[in-house]
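Below is one structure; the comments refer to it alone.
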Amino acid sequence: MRVFRRVTILKISINFFRGEINSVMTNNMRKLKRVHLMGAGGAGMSALAKLLQARGLEVSGCDLKTPHYDLGSVPVVLGHSQEHIETFKPDALILSTAVSRNNPEVLQAMEHGIAILSRAQALSSLFNESDGIGIAGTHGKTTTSSMTGLILLKAGLNPTIYVGANVPDIGSNAVSGTGKYFAAELDESDGTFELFTPQIAIITNADWDHVDHYPTRLDVIRAFTRYADGRKSGGTLILCAEDEGTSQVYEACDKTRGNILRYGWGKSWDWGAYDLTKLHGGGISCKVSHNGHELGTLELLVSGEHNVLNSLAAISAADLCGAGFETSAEILRNFHGSERRMQVKGMTGNNILVMDDYAHHPSEISATLNAVRGIYPERRIVAVYQPHRFTRTAMFAGDIARALSVAGKVYILPVYSAGEKECPHSSSDEVVRLSSGNIEAVAADNVIDVLKAELRDGDILITMGAGDVYSIGEKFLTLD
């Protein structure tokens, strides 16, 4: 009983503390007139910049690289500099996770008494004022967010949308709507997703990743459980029933907080999919049930069983918002996927198909390569993989090697550090050592020449990783 009381008190304290932070953040954001974003060219920051500008704030930004994402009329300058504080005169400086608090531009802002906010703090202050639909999960959250946002948009609900990638069917990674719903992809990598209080909280899965922040698998489950219990009172939690991690969250979460829906294979869940059929040339179809009753057929242009599960999460959330199954199914029938998610980049004159995917965790690599193999069983897959972070590579080197074994040939690049220091057993060579012989280490400046010699007519070239590996496929296409 004493242990139960301590856990209960801890949950109450966390929720109270979260509420206090959110209240302060919301009040502070309402007072702002000018904001400057450091790292503005990234997926999450560029989306935030557009939403803040749409809310009437004067927004500027800077980045070390030319922005990959369109920021519209938001002025963005290259580099970080103390002079930006005087040039743009912001009321607040908003930092991407890649920007250090010891950066001279940040220190200059502090000296001038300018508020320093993280991306999550700024975004949550907007999100928490709405009927937020928070899409979290170690994998699949970008696609699920894209699907959810697209359904609400096409169904005429005028939502606000925030996604960590460009969504071709939406035409952006952010939409500022006047409706009450705010569909947002929430990042668990540093724990800041706990700042969000959704009306509808989705968890696609709870796998162990970001080992620099979560030392053990249990730490991941505890964080997702706190996120689930942090939804608004009476709000709905939507969980994938097919994932071990989310099943643990279901067992640990507060069942009195609000409704809980689960989705998975078969008719036994609140939302289920069955009779799956892979479509010729890509895509997948299935029957969908709700509370055991068949609703109809869902056909997707995107491939892979994991995308069927992603669609169930989106459909269940949209149903709570008033968009029924028939509406959702018709909209998802024309969903082309998100940027860097099994994205077809082009075809060469000798029929080499070039694809790109963000997959960097073993589970993601396996899902992507198996989906590609399912679409093109007769073609040889040649992958270029860029490991992301030394901590992840050291922890999952063997799992990465096994996941990559689906490809006929793999060229592995040096680790994309994301600012981390190298640690023992964290190199690409370690993955090669643990492989079945299909993986070869290659330098980034030599990979194009290696591919020119290796690729044959009809092969599939797929670049994979969370860094800048996508540029290799783009360069290869220019050679044709």
Side-chain angles (χ1 to χ4, degrees), residues 7 11 134-145 185-189 191 193-194 198 200-231 236-255 257 259-274 276 286 289 304-317 358-371 389 391-406:
V7 172
K11 284 185 175 181
I135 298 95
T138 314
H139 323 294
K141 54 184 173 289
T142 297
T143 298
T144 305
S145 302
E185 174 182 351
L186 306 184
D187 179 16
E188 84 288 352
S189 65
F193 73 142
E194 295 184 48
I200 301 172
I202 296 174
I203 304 178
T204 58
N205 40 62
D207 203 354
W208 190 22
D209 196 6
H210 308 293
V211 296
D212 55 322
H213 187 79
Y214 301 106
T216 70
R217 187 179 297 275
L218 182 58
D219 291 312
V220 175
I221 302 305
R222 286 170 173 165
F224 276 104
T225 302
R226 291 192 297 269
Y227 163 71
D229 290 345
R231 70 189 187 279
T236 299
L237 174 63
I238 300 174
L239 296 171
C240 178
E242 305 298 337
D243 179 70
E244 179 183 354
T246 51
S247 296
Q248 291 176 298
V249 171
Y250 176 76
E251 293 300 323
C253 71
D254 183 358
K255 306 296 191 301
R257 187 73 182 170
N259 193 26
I260 300 177
L261 302 177
R262 302 175 80 187
Y263 61 91
W265 307 123
K267 295 183 179 181
S268 61
W269 307 110
D270 299 286
W271 290 88
Y274 52 99
L276 272 66
C286 64
S289 68
E305 294 181 1
H306 59 292
N307 278 323
V308 174
L309 293 175
N310 291 337
S311 69
L312 288 180
I315 289 169
S316 60
Y358 192 71
H360 50 284
H361 184 278
S363 298
E364 297 165 351
I365 296 166
S366 180
T368 296
L369 289 178
N370 279 305
R389 291 187 177 274
T391 50
R392 181 184 287 114
T393 306
M395 184 63 68
F396 301 118
D399 294 329
I400 291 170
R402 283 187 288 274
L404 288 169
S405 66
V406 176

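Starting from 1, each residue takes its place in the sequence as its number.
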Intermediate values then yes/no, side chain to side chain contact (heavy atoms under 4.5 Å, CB included), Thr246 and Cys240 = CA-CA 6 Å; Thr246 51; Cys240 178; 4.3 Å; yes

Show your reasoning for whether side chain to side chain contact (heavy atoms under 4.5 Å, CB included) applies to Met395 and Trp208.
-> CA-CA 10 Å; Met395 184 63 68; Trp208 190 22; 3.8 Å; yes

Could you go step by step and tell me if Asp212 and His210 meet the side chain to side chain contact (heavy atoms under 4.5 Å, CB included) rule?
-> CA-CA 5 Å; Asp212 55 322; His210 308 293; 3.9 Å; yes

Step-by-step side chain to side chain contact (heavy atoms under 4.5 Å, CB included) determination, Tyr358 to Thr142 = CA-CA 10 Å; Tyr358 192 71; Thr142 297; over 6 Å; no

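Atom SG in Cys286 sits 11.0 Å away from atom CG in Asn307 (nearest 0.5 Å). Put simply, CG on Asp209 and CZ on Phe396 are 5.5 Å apart, with the number rounded to the nearest 0.5 Å. A distance of 10.0 Å separates CD1 of Ile202 from CG of Leu261, quoted to the nearest 0.5 Å. With rounding to the nearest 0.5 Å, the separation of CG in Leu239 from OH in Tyr250 is 8.5 Å. To the nearest 0.5 angstrom, Ile135 atom CD1 is 9.0 Å from Ile238 atom CD1. In this structure, Arg217 CZ and Asp219 CG are separated by 11.5 Å, a value rounded to the nearest 0.5 Å.
A pairwise comparison of heavy atoms in Asn205 and Thr138 identifies OD1-N, 3.0 Å as the closest pair. Between Gly304 and Ala371, the closest heavy-atom pair is CA-CB, 4.0 Å. Nearest heavy atoms, Tyr214 versus Ala223: CE2-CB, 3.7 Å. Between Gly134 and Leu186, the shortest heavy-atom contact is CA-CD1, 3.7 Å. Of all the heavy atoms in Ile400 and Pro362, the pair that sits closest is CG1-CG, 3.8 Å. Between Gly137 and Thr204, the closest heavy-atom pair is CA-OG1, 3.4 Å.
Side-chain N or O atoms of Tyr227 include none that pairs as donor or acceptor with a backbone N or O of Glu188 at under 3.5 Å. Side-chain atoms of Asp229 come within 3.5 Å of backbone atoms of Asp254 as a donor-acceptor pair (strictly under, hydrogens ignored). Ser316 contributes a side-chain N or O that, together with a main-chain N or O of Leu312, makes up a donor-acceptor pair within less than 3.5 Å. Using a distance-only test at 3.5 Å, with no hydrogens or angles considered, no donor-acceptor pair links the side chain of Asn310 to the main chain of Thr144. A donor-acceptor pair under 3.5 Å links the side-chain atoms of Ser405 to the main chain of Arg402, judged by distance alone.
Here the rule is side-chain contact (heavy atoms from CB on, under 4.5 Å) with Ile221, and of Glu251, Gln248, Glu244 only Gln248 fits it.
With a 4.5 Å cut-off on side-chain heavy atoms, Leu237 and Cys253 count as touching.
A distance of 6.0 Å or more separates the ring centres of His306 and His139.
Remark: Ser189 pairs with Asp187 by the side chain to side chain donor-acceptor pair (under 3.5 Å) rule, at least two apart or across chains. Applying the side chain to side chain donor-acceptor pair (under 3.5 Å) rule to Ser247 yields no partners; only residues at least two apart in sequence or on another chain are considered. Every side chain to side chain donor-acceptor pair (under 3.5 Å) that Trp269 has, sequence neighbours left out, goes to Glu242.
A side-chain donor-acceptor contact under 3.5 Å links Asp207 and Ser363.
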